[in-house]
Amino acid sequence: AIVISRVFDHPRVPRYAVEYILYHEMLHLKHPVKLHGSRRCVHSREFQAEEKLFPELEQARRFLRVV
């Protein structure tokens, strides 16, 4: 289950920001954490490459930095 904070249930929160959160969390399901020795890789190269396909990635990141 993907749970999103109620903070994002507000008219001033753009739809693309919520869509990005969902997209990001769904990528975690597709690209689970990998272990490299004792090191955990949460955002693999594959994860990051696919994340860049989100159309409004930079706008969403900018918005979420100030929330």
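Between the CG atom in L22 and the CZ atom in F8 there is a gap of 10.5 Å [rounded to 0.5 Å]. Atoms CD and SG, from Q48 and C41 in turn, are 7.5 Å apart once rounded to the nearest 0.5 Å. Distance check: M26 CE to I21 CD1 gives 12.0 Å after rounding to the nearest 0.5 Å.
Partner Y20 forms a side chain to side chain donor-acceptor pair (under 3.5 Å) with one of Q59, E25, E51 and no other, that one being E51.
Salt bridge present: K34 and E46 bring a charged side-chain N and a carboxylate O closer than 4.0 Å.
Between V42 and F47 there is no side-chain heavy-atom pair separated by less than 4.5 Å. Put simply, the side chain of V67 does not reach to within 4.5 Å of the side chain of V13, judged on heavy atoms. Considering only heavy atoms from C-beta on, F54 comes within 4.5 Å of E56 through its side chain.
In this structure, Y23 has its ring center no closer than 6.0 Å to that of H28.
Shown here for A17 and A60, the closest heavy-atom pair between the two residues is CA-CB, 4.3 Å. Across all non-hydrogen atoms, the minimal contact from K52 to L57 is CA-CD2, 3.8 Å.
Grouping the Ile, Leu, Val, Met, Phe, Trp and Tyr side chains by contacts below 4.5 angstrom, directly or via other members, places Y16 with I2.
In this pair, H43 and H24 present their aromatic rings tilted. The plane angle is within the 30 to 60° band.
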